[in-house]
Amino acid sequence: MEASSSGSTISSVTGGKAKTHQPEGREDLQVNQLETQIWIKPEIQKTDVDFSEILNAIQEIAKDVNIFFDELEGVNSPSKDDDSLLHHGNLTSTSDDASRLEVVGEEVPDKNKTNGLYFRDGKCRIDYILVYRKSNPQTEKREVFERNIRAEGLQMEKESSLTNSDIMFVKLHAPWEVLGKYAELMNVRMPFRPFNPFNAGAPCILVRCCFLNGHFIEINGRSRRSRRKIYYLHRRYKFMNRIEKQISRFRGWLPRKPMKLDKETLPDLEENDCYTAPFSQQRIHHFIIHNKDTFFNNATRSRIVHHILQRVKYEEGKNKIGLNRLLSNGSYEAAFPLHEGSYRSKNSIKTHGAENHRHLLYECWASWGVWYKYQPLDLVRRYFGEKIGLYFAWLGWYTGMLFPAAFIGLFVFLYGVTTLNHCQVSKEVCQATDIIMCPICDKYCPFMRLSDSCIYAKVTHLFDNGATVFFAVFMAVWATVFLEFWKRRRAVIAYDWDLIDWEEEEEEIRPQFEAKYSKKERMNPISGKPEPYQAFADKCSRLIVSASGIFFMICVVIAAVFGIVIYRVVTVSTFAAFKWALIRNNSQVATTGTAVCINFCIIMLLNVLYEKVALFLTNLEQPRTESEWENSFTLKMFLFQFVNLNSSTFYIAFFLGRFTGHPGAYLRLINRWRLEECHPSGCLIDLCMQMGIIMVLKQTWNNFMELGYPLIQNWWTRRKLRQEYGTQGKTSFPQWEKDYNLQPMNAYGLFDEYLEMILQFGFTTIFVAAFPLAPLLALLNNIIEIRLDAYKFVTQWRRPLASRAKDIGIWYGILEGIGILSVITNAFVIAVTSDFIPRLVYAYKYGPCAGQGEAGQKCMIGYVNASLSVFLVSDFENRSEPTSNGSEFSGSPLKYCRYRDYRDPPHSPVPYGYTLQFWHVLAARLAFIIVFEHLVFCIKHLISYLIPDLPKDLRDRMRREKYLIQEMMYEAELERLQKERKERKKNGKSYHNEWP
């Protein structure tokens, strides 16, 4: 939208990237407002619209605040040593990671001396902490290492622990020169200084305005310079304005964005929205520097110091380098960046503001009072780094995407509840008092009426009803939509966090790899330097051994499942002969419940073994770099955990009751134990119990171990400190002492957090057709999980090193694999485990509506009788013959009993042979599996094709940003050359003709 009048032009643009949180209270229900930002350029041609009065008013405001002079001075390009670039005072950029104390004035050094974040002088901020023990014999290595640290320009200060005189803390500080040098080497992106993209020669004024009744009116009463990214605002039409007005009126009746964070009471949440570029000391005048001490935030400073420490030698030799090796050989006990102070405050954050970013994170993220609000991802990224920020962004996105899945799953369950009284199958089961079922185990299991399983038939209908197939298709599509839209969300986050063009630097070789293959070297094709080399034959042999180990551990899992199967077979007879009537009458349910609990205990015990085996096999492979090691370890642990967690579920879903034979000819294990049969109401109830119990118990256990274990350890540490130093002792400890007493982050980083969520994703998708409430349980768990993890990171763990990452790594490929597997398993669950296909075949082929093309409840009359076969009691094997003769049902011994199968009666020409209905059902099941899989896979691929990985508006913004950055650098260099030329003219010095 452009307009000009009286020699001036107004070009409206919008500022910045899409913000995570937008200020509220800008809607007016009475008038139609449109916020805009205005660039003023003098002496442009007139148009039909006249805004001269508004422009004059804006120019008067600009003159009052000397905006023209200030802007011109900001466009000039002083040298990199010009201290006029450093503006002290309140920092407007949230990337300046200093506390409010740093801009108070003379009181800063005194307070800094006592808060534990600075050296003793109160001026040098602590960027990193190293911890060692005086009694450690590696003294010489430490001395060489610390001498080389000083040679790199880092400042160092040592201090003994207040609680243990044997412990020493080494405090490190990186001065400006070191930060600038390594920020340039590491390509750290920093915000650019503003410029006018329309006319670099004209001064720029940026005014916040609204469009009110056809006129531009200033909102905030003052002008300000632009550092924001600029994009064009599309023209609004009257029709759209009317629609927006009606929507605004409707929104007026609703709560004012209850899930948004309150920026008025929680300040400092809005991130910088400037253009960024790799830092360069030669072009330092291009960057927005208010204060050299706060230009690089704390996370960036710690990352730069860690980068230096990883490249400092501690001994002569090409492999004697880096902090990680000193930590592994025990020279240093710990190394970590400091938290920014306490996460608690005596004063309310709403009245006194946040003490520091840790306090702010606790109040607006880790506190249970904000469980329903969005996460401040920009603040998380600023404090913990992009890698941890991406984890919480993915977890939040996954949790948000669970809402529709949980709603549909709950709808399917409620649909089963509402249609329960109209279900013909459950009615027939409950009314079948004259149908006597054969015993489900040898000898001790009695005959039972089919009506005794009425409750189980009704519970089965809650999960296995007409909406189950729709829900299975929906969840398969949901998994694809979730992954595709996550790629788009990740692209937006990568753009907002300046990760689009970031590439991981050439990784260092693992010390173990160097030690193993140091004798054999070859030239690195990238660096051109010699490096250790692993022969192809050696690598293949190690991979074969590792694969054999994986196969062996999977066999151990299968053996554990086999043991559970034997337990179920043996226990069902024991419970059937139990003296308590409650257990005796529900022997199969008791067997299933106890088997699931025992299986859970085995799962948790084997997980401990799997971690050690995966670690051993990964080290046996000798991966070259840390990322290769991490990917190999992740894949092994996921395979072990996935098979361990789901093997019993696969057995119940696809094998339980499928290969038992029939009465009189049962199949047996080792010719001794009769295989377990399904309940008369079906096998789906067993699968539901398995999934429900495992999912609830595992999530509860994981949450307890994630938070409970660190809480107990930290509580024990605080208790010992209180006993030795009293209640006021710990509060007087410096920050490095407090952080050292916290728990270190997991040695495998975010592995446990990702693994827990990926396994939950598998539970949510793979067998969701049998348990529609799985997404709802996952949603409730994740709402708690986000705050548990946030609380753990902020309060219970030492501050992890801020590291960068562009995505979630190998986990995305695992998620795609689970999505494909879920389609196959849900097809088999619907076709094989549930009774959906047999009911459908009966309704269209054998029921009252056969040949009419109908499949309502009236068409299911007689289905239960048609699904049961007849057995002659006298044909029982001796070891299977029950102790009772069934005379309690009719007063005389039973001659016949019924069982679930499609077989001919005993007096047919082929006794107990399969009927034609069995083959029809089998063919329908196979056809359904093929059609379902192909249909869902086609839908998944179509969705993947239709949804681009990069949003179109983001692609346009990236292209425009690239163009504007090039223009910005060109104009800045042009201004600098013009200024130097004018200075030489003014000084009367001769100069050569130069461009421009």
Side-chain angles (χ1 to χ4, degrees), residues 186 303 306-307 309-311 318-319 321-329 385-388 390-391 394 490 499 502-551 553 610-642 745-755 758 800-801 803-817:
M186 296 169 63
R303 186 157 56 91
H306 181 78
H307 177 87
L309 297 179
Q310 291 296 93
R311 287 153 179 80
K318 62 179 181 180
N319 298 330
I321 184 175
L323 176 62
N324 285 347
R325 290 180 174 88
L326 292 176
L327 290 172
S328 62
N329 63 28
E386 286 80 3
K387 193 170 186 177
I388 294 177
L390 270 174
Y391 163 72
W394 176 84
R490 186 208 64 82
L499 297 173
W502 179 79
E503 295 291 342
E504 293 188 38
E505 61 183 9
E506 179 68 14
E507 288 190 87
E508 293 183 352
I509 299 175
R510 296 178 66 243
Q512 296 85 345
F513 185 88
E514 288 182 338
K516 181 70 176 178
Y517 301 103
S518 58
K519 296 181 180 180
K520 194 171 185 178
E521 294 183 344
R522 73 171 182 179
M523 298 297 293
N524 187 307
I526 298 176
S527 63
K529 299 178 181 179
E531 65 177 14
Y533 169 68
Q534 183 181 16
F536 179 77
D538 181 74
K539 185 175 183 178
C540 289
S541 62
R542 291 178 179 274
L543 288 176
I544 292 174
V545 173
S546 178
S548 303
I550 295 173
F551 179 76
M553 294 307 300
Y610 291 155
E611 182 176 347
K612 297 183 181 300
V613 173
L615 189 63
F616 171 77
L617 293 178
T618 306
N619 290 331
L620 180 66
E621 292 177 6
Q622 290 292 349
R624 178 178 172 273
T625 62
E626 288 295 335
S627 63
E628 293 178 5
W629 187 96
E630 183 178 340
N631 290 339
S632 178
F633 179 77
T634 297
L635 187 60
K636 289 182 182 62
M637 280 297 294
F638 170 74
L639 287 176
F640 289 157
Q641 296 265 17
F642 181 82
M745 187 178 177
N746 191 300
Y748 308 125
L750 294 169
F751 170 80
D752 288 339
E753 281 71 22
Y754 273 118
L755 180 63
I758 299 299
L801 179 69
S803 56
R804 311 198 84 191
K806 293 181 67 173
D807 49 36
I808 61 176
I810 195 176
W811 295 110
Y812 184 83
I814 293 175
L815 286 171
E816 285 187 324

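As the structure is a prediction and not an experimental result, all values here were calculated from the model.
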Check the side chains of R303 and H307 for a donor-acceptor pair under 3.5 angstrom, ignoring hydrogens and angles. no

Between R804 (side chain) and E386 (backbone), is there a donor-acceptor pair under 3.5 Å? no

Rounded to the nearest 0.5 angstrom, the CG-CG distance for L390 and L750 is 10.0 Å

Pairwise distance NZ(K387) to NZ(K806) - rounded to 0.5 angstrom: 15.0 Å

Looking at side-chain heavy atoms only, is the closest gap between F633 and L615 below 4.5 Å? yes

Just by distance, with hydrogens left out, do W629 and N619 show a side-chain donor and acceptor under 3.5 Å apart? yes

How long is the gap from CZ on R490 to CG on L499, to the nearest 0.5 Å? 8.5 Å

Can V613 and F616 be said to form a side chain to side chain contact (heavy atoms under 4.5 Å, CB included), step by step? CA-CA 5 Å; V613 173; F616 171 77; 5.6 Å; no

Measure the shortest side-chain to side-chain distance between F751 and T634 over non-hydrogen atoms and say whether it is less than 4.5 angstrom. yes

Just how far is it from atom CD of E628 to atom CD of Q622, taken to the nearest 0.5 Å? 11.5 Å

Any chance you could measure I814, atom CD1, to L635, atom CG, to the nearest 0.5 Å? 6.0 Å

When rounded to the nearest 0.5 angstrom, what is the spacing between OG1 in T618 and CE in M637? 9.5 Å

Stepwise side chain to side chain contact (heavy atoms under 4.5 Å, CB included) check, Y610 with M553: CA-CA 8 Å; Y610 291 155; M553 294 307 300; 3.2 Å; yes

If the condition is salt bridge (Lys or Arg N to Asp or Glu O under 4.0 Å), which residues does E621 pass it with, not counting sequence neighbours? K636

Side-chain donor or acceptor of S546 paired with backbone N/O of R542 under 3.5 Å: no

Can you classify the ring geometry of W811 versus F638 as parallel (below 30°), tilted (30 to 60°) or perpendicular (above 60°)? perpendicular

